Structure formats: structure tokens, C-alpha cells
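First up is the structure itself, then whatever we jot down about it.
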Amino acid sequence: MSAAVNMWRSSTRCTLKLLSKARQPISSVLCRPHGGCTGHTGKKWRRPSGFDTGVQTYNSLSKQKEPLVLAREGVATWYSCGPTVYDHAHLGHACSYVRFDIVQRILTRHFGISVIHAMVITDIDDKIIRRSLEENISASVLARMYEEEFQKDMLSLQVIPPAVYLRVTENVPQIVAFIERIIHNGHAYATEEGNVYFDIPSIGDRYGKFLGAVNVQYEPGDSGKRDSRDFALWKKSKPQEPSWESPWGRGRPGWHIECSTVASSVFGSQLDIHSGGIDLAFPHHENEIAQSEAYHQCGQWGNYFLHAGHLHLKGSTEKMSKSLKNYITIKDFLKSYSANDFRMFCLLTKYRSAVDYSDDSMTEAQITLATLSAFGHDAQAYMKGQLQSSAVQEELLWERLAKTKAAVASALADDFDTPRAINAIMNLVYHGNCQLHPVTKVDGAARSPAVFGAILFYIREVMDMFGIDLLNRKEAAAVDSSASLEGVVDQLTRFRSEVRAFALARQDPPADGNLSKPGLHPERIPLLKACDALRNDLAPLGVLIKDRGTNSTWEITRKRQTVEEKN
């Protein structure tokens, strides 16, 4: 785990402890007169009072962009629905989690907001039970196995872990207490069969905030269910199923109640931000809101709901999912691509837009990264004096840098518009490249290395904020912790440059006085070809040598499969 991740987790743990001390126990939380837990009724969203971040974000509750206002200055409480751990995580999951990781990084690094993120792990569910019976292992063992794999997958994609993971099975007593209070408040009922349902008619017109997001499908129930819309808070156990004691008999929690309980156990009666895939808007998030507001007896529990668009395989209108068996696991994906590749893929579309996955879209992401890397290498070569260039329009570049910073800041404040931010950065790179005109002879023009250093520093800072490591520090450390590889390549490149300079030397003018341009020594041409062959042979191995006149520079790149190899 990187030092940055460790520092982030340490900081959020401290803030989480302060939040925990400040709030009351879950059984005694009362409605606050301000912030998220407002007292109004109906479906209309109310802007909370508090700290205005300066960010406009699309809120699924109001179905438009709204100012992001937090209950506490400099702190955002954030809850997200975690995975149901019964199988391998796939790119559909990765797309949602990486996108929201990028949003959280922007809030933290760019806007100075400490994001306190809690995530639930659904480790008991119909799918887990069914899979455990098929595999002939306990549901708990199956869930732990895939939970561990999920967390490893997230780390491999550079996703910062939440401040806390919470398992459903470790919160069953809290869930039972949560349900009891909803019943006490008159918004749920138990049936003779031992099930407990939420009573939707009891909350009047407050249900249906997300209707229209997806097709409406209501849960089946037993004969005691009063309304077709009512959903299960507690399910009577069946033979061979894991179960827990409750006032209504042995059973297990319903799907939606777990999130309401866990989020309330961490953040109390007010939540700033709730995130998830758009498919969770209805019924899952709709039911979470109904339960939480019925428990806390308030009119607005969560202030902002952010939903990520689906990932589709190109040419398909269906989302990538386990049930449709049209998915690519994260592990399989990382055999061909890097975490940087996938993050750039996510950055090139808005987080709430649907996105097509294909080799072409991944190639676009790789080309964007390669362009950034190539510019960084050339800028460094110029700063070192290894790349000789004609006179640079320095003031123009300083102006472009300032405009880029303003454009990126504006884009990120506008619902975290990363495609617009990336476009601004690539435009800066274009103008930087236009100024780097390699020449073979130095004309004595003044050099301007500082402006390229400033541009390079800014680009690396922004990419690092997005979770992209342009320096490939992790890969470099894995390949060569002692940096001896770089020393070998440096010596090899230096030797090759000397041989190449010898091969490129021109013959002396002929004795007959012919003033035509003298050519190469014919006997040295094989040396020049050997130098070119070495350069070409090293490229597929991840060592990229660039010849700049009689000088040469090099960089170590990650070996990638070409499109032809993958096809």
C-alpha cells in the first residue's frame, strides 16, 4: 500500500473518531434542526444549510446540478454501497468504484475536503447462499474469500480504501434494533409468517424520489403483505440458510435495510453524499431513504445522491453484469492493461455517463497516456540540455499554463467534468510540443527550461490527483528497487551514442578540391545499422531510446501488448 493511501487512511480515521464522539448512539439520534435531516415532507429536495464547497454537482434527488453544501466545513460524510461478495469483481464494478474514487480525490486534493467514506460489504444474500450451496462451502467462507479478492482488486486499481468497511453479518443486532424502531414509529409491520415489511403507504407522497430512473419492479412477498410496493426488512429463514434470532423468529436482514443501518451507525441522522451505480437508484436507494427517514423521523436524510453510469461492452445495450455473464474480471483485464490505462479510460467520460468498453476505447486511453509520457520525457530532455531546440516563446507558454489551470479548476467545479479537464491538459501539451523543435545545431538562442519544468510539475500533480502515476513509481520499484537497471541502461545508451557518433562522422573533403558535401565512411555504416537495430530491439522490452542528432535519451516504459498481438 502506498504512503499516500496510508496517510489518507490515518487522517480519515482521526476525523471519523471525532465524528463518532460528536454523535449520539443510534438508538437515541434525534432530528437535527438543520443540515441533511430536515423536517419538510414530500419529494421536493431542499438545499441544506452549511458549508458551500464551490462545487456544482448533479443530484439525483433534484434531477439537476446543485451547489454542494456540506454540514461541516471541510468535511464530507460519504456512504457507498459495496459489493455483494459471491463472485469475482468485474469491470462494471471497477468503473463505478474508480469513477467515485476520482471524484473523492478531486474533493480532497483540489477542494481541500476531508472525505469520510464508509462502505458496506454485503456478505449475506440470496446469491451468496445459492453459490455456497453449489460450491458446498459455508456462506461465510465464500463471502470472506470474495471480499478479500475485491479489496485486492480495488488496491490494484489504485482505489483509496474507505475509512471503514462494514460487513452486514457483523451488524445484525443493530439491524434488528433499526427495524424495531421503524415498527415503533408506525412505518413497518410483521406478518404471521415471520417476515417484516416496510409500510410504504404510511409515508404518503414521500415515496418515489427516483421513480423513472429504471423500470419499476416490486418485490414478491407472503400472504401477509399489505401493499405490492412494500419491501422486506426481515426475511424468515429457510432450511439450510444462515439465520439470526429476532423478535419475529429466526431470519436474516432484507437487502435495503443493511445500508440504512450501517450508514446511520457511522454518520447518524444526516448524510452528505451517497453514491452508487444508476441501477441502484430504484428500488435500493429509494428504499434506503424511506427506511432512514422513517427511523430518524425526518424529511431529508441524505442530501446528495450521485449515480455512476453503466459500463457496456461496445455494441451492447445491456450493462456489464454477472447475471448476464457478459463481464470481464478485473484480474483478467489487468493482464493486458494497467491501472493507469483504466483510470484514463474513466477520466475520458463523465462519471455519470454510460460508457462503452472496447479495445478501441482502451487504445484511446493508452494513446493519451503515451502522449503525456512522451511530452514529459521531451520536456526533461530539454531541461537537461539533451534536446536542442529553436527559440521558445516562453511568455506564450506561461500564459497557456495559467489558462489551463483556470480551465481545469472550472471543469472540476462543474460536476467533476474530467473529460473537459483532460482536454485542457492535452491542449497545453500540444502547445508545449509545438515549442520543442529539435535542431542539430545550437544557434545561441536563450533557453527556457523553467517554464517546461512548471508545466511538467502541474501535469504530474493533476494526474497524481486523479490517481495516475506518470512516473510509474510502483512499477519501477517492483522491477528494480536498487535502481541498478537504470544505471545499466544509462551506460548502454551512452556507449551506443559514442558508437553512433563515430559512425555518423563525415569523411574529410577529397584531395581534388571537390566541395560537394562529404558522405559517411562506408565501412562505418554497419555500425550505424547495428545502433538502430539495438534501439528497435530494446523498445519491445520497455527501453525506449530516442536519437536527437548525435545525442540520445532513454526512458523505461511498461511493456504493452500491441493491438495486433491482442487480436
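Residues: numbered from 1 along the sequence shown. Note that this is a predicted model, so its numbers are computed, not measured.
Between His93 and Phe150, the distance separating the two ring centers is not shorter than 6.0 angstrom. Between Tyr304 and Trp45, a ring centre-to-centre spacing shorter than 6.0 Å is recorded. Taking the six-membered ring for Trp and the full ring otherwise, His256 and His285 have centroids separated by 6.0 Å or more. In this structure, the ring of Tyr337 has its center no less than 6.0 angstrom from the ring center of Phe345.
With 3.5 Å as the limit, one finds no donor-acceptor pair spanning the side chains of Ser269 and Trp301. At a cut-off of 3.5 Å, with distance as the only test, a side-chain donor of Ser62 or Glu66 sits close to an acceptor on the other residue. Side chains of Gln291 and His187: no donor on one and acceptor on the other come within 3.5 Å. Between the side chains of Ser80 and His117, at least one donor N or O sits under 3.5 Å from an acceptor N or O. Side-chain contact annotation: Asn287 with Tyr207, donor-acceptor N/O pair under 3.5 Å present. Under 3.5 Å, the side chains of Asp415 and Thr57 contain a donor-acceptor pair of N or O atoms. In summary, the side chains of Asp125 and Thr122 do not present any donor paired with an acceptor at a separation below 3.5 Å, with no hydrogens or angles considered.
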Verdict with reasoning, Asp87 to Tyr327, per side-chain contact (heavy atoms from CB on, under 4.5 Å): CA-CA 12 Å; Asp87 206 342; Tyr327 63 89; 3.7 Å; yes

Evaluation steps, salt bridge (Lys or Arg N to Asp or Glu O under 4.0 Å), between Glu147 and Arg167: CA-CA 10 Å; Glu147 176 190 341; Arg167 300 184 181 119; 2.8 Å; yes

Criterion salt bridge (Lys or Arg N to Asp or Glu O under 4.0 Å) on Arg229 and Asp227, from CA distance to verdict: CA-CA 5 Å; Arg229 297 174 299 166; Asp227 189 291; 3.2 Å; yes

Trace of the side-chain contact (heavy atoms from CB on, under 4.5 Å) decision for Val103 with Trp78: CA-CA 11 Å; Val103 170; Trp78 186 310; 3.8 Å; yes

Working for side-chain contact (heavy atoms from CB on, under 4.5 Å), residues Lys350 and Thr418: CA-CA 6 Å; Lys350 294 183 179 180; Thr418 57; over 6 Å; no

Residues Arg420, Asp414; criterion salt bridge (Lys or Arg N to Asp or Glu O under 4.0 Å); working and verdict: CA-CA 10 Å; Arg420 187 148 57 97; Asp414 182 13; 3.0 Å; yes

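To the nearest 0.5 Å, the span separating NZ on Lys236 from CZ on Arg252 amounts to 13.5 Å. From Gln158, atom CD reaches atom CG of Asp469 across 7.5 Å, with rounding to the nearest 0.5 Å. Between the SG atom in Cys346 and the CG atom in Asp101 there is a gap of 10.0 Å [rounded to 0.5 Å]. In this structure, CD1 in Ile116 is found 10.0 Å from CZ in Arg72, a value given to the nearest 0.5 Å. Atoms OG and CG, from Ser264 and Asn171 in turn, are 11.5 Å apart once rounded to the nearest 0.5 Å. With values rounded to the nearest 0.5 angstrom, Ile102 atom CD1 is found 12.5 Å from Leu107 atom CG.
Contact between Arg99 and Tyr351 at its shortest, heavy atoms only, is NH1-O, 3.0 Å. Annotation for Trp234 and Ser246: closest pair NE1-OG, 3.3 Å, computed over non-hydrogen atoms. The two residues Tyr97 and Pro83 make their nearest non-hydrogen contact at OH-N, 3.3 Å. When all heavy atoms are compared, the tightest approach of Ile425 to Val408 is CG1-CG2, 4.0 Å. The minimum heavy-atom distance between Gln270 and Ala71, with the atom names listed, is OE1-CB, 3.5 Å. Between Pro67 and Asp52 the shortest heavy-atom distance is CB-OD2, 4.2 Å.
Judged by distance alone, with hydrogens and angles left aside, the side-chain atoms of Thr108 form a donor-acceptor pair with the main-chain N or O of Gln104 at under 3.5 Å. Looking at His90, its side chain does come within 3.5 Å of a backbone N or O of Gly92 through a donor-acceptor pair. For the pair Asn59 (side chain) and Lys65 (backbone), a donor-acceptor distance under 3.5 Å is absent. Side-chain atoms of Ser60 do not come within 3.5 Å of backbone N or O of Lys63 as any donor-acceptor pair. Remark: the backbone N or O of Val262 is paired with a side-chain donor or acceptor of Ser265 at under 3.5 angstrom. Using modelled atom types, no side-chain atom of Asn303 and backbone atom of Leu70 make a donor-acceptor pair closer than 3.5 Å. When atom types are taken as modelled, the side chain of Ser353 and the backbone of Thr349 share no donor-acceptor pair closer than 3.5 angstrom. Checked by atom type and distance alone, the side chain of Ser260 pairs as donor or acceptor with a backbone atom of Glu288 at under 3.5 Å.
When side chains are defined from C-beta on, Met362 counts as touching Asp341, because their heavy atoms get closer than 4.5 Å. Within the 4.5 Å cutoff, the side chain of Met463 has heavy atoms near those of the Ile422 side chain. Residues Asp230 and Asp199 are in side-chain contact: their nearest non-hydrogen atoms beyond the backbone lie under 4.5 Å apart. Looking at Tyr189 and Val196, their side chains never come closer than 4.5 Å, going by heavy atoms from C-beta outward. No side-chain heavy atom of Ile113 sits under 4.5 Å from any side-chain heavy atom of Val75. Using a 4.5 Å cut-off on side-chain heavy atoms (C-beta onward), Thr53 and Phe51 make contact. For the pair His88 and Ile328, the minimum side-chain heavy-atom distance is 4.5 Å or more. In this structure, the side chains of Thr191 and Tyr197 come closer than 4.5 Å at one or more pairs of heavy atoms.
Ion pairing between a basic and an acidic side chain is recognised when a charged N comes within 4.0 Å of a carboxylate O; Asp126 and Lys238 show no such pairing. A salt bridge links Asp464 to Arg109: one of the charged nitrogens lies within less than 4.0 Å of a carboxylate oxygen. Under the 4.0 Å criterion applied to side-chain N and carboxylate O atoms, Lys209 and Glu286 are not assigned as salt-bridge partners. The existence of a salt bridge linking Asp153 and Lys331 is excluded, since no basic side-chain nitrogen approaches an acidic carboxylate oxygen closer than 4.0 Å.
Sparse packing is recorded around NZ of Lys152, with 12 or fewer heavy atoms of other residues, nucleotides or ligands lying under 6.0 Å away. Within 6.0 Å of the CD atom in Glu192, the count of heavy atoms belonging to other residues, nucleotides or ligands does not exceed 12. With a 6.0 Å radius and a threshold of 12 heavy atoms from other residues, nucleotides or ligands, Glu148 has its CD atom at or below the threshold. Applying the 6.0 Å contact sphere to CD of Glu134 captures more than 12 heavy atoms from other residues, nucleotides or ligands.
Judged by a 6.0 Å distance limit and a 45° cone about the ring axis, Arg181 is positioned over the six-membered ring of Tyr295. Seen from the ring of Tyr86, Arg130 does not count as a face-on cation partner, given the 6.0 Å and 45° thresholds. A cation-pi arrangement, defined by a distance under 6.0 Å to the six-membered ring centre and an angle within 45 degrees of its axis, is absent between Arg343 and Phe466.
The aromatic rings of Phe305 and His307 are tilted relative to each other, their planes meeting at an angle between 30° and 60°.
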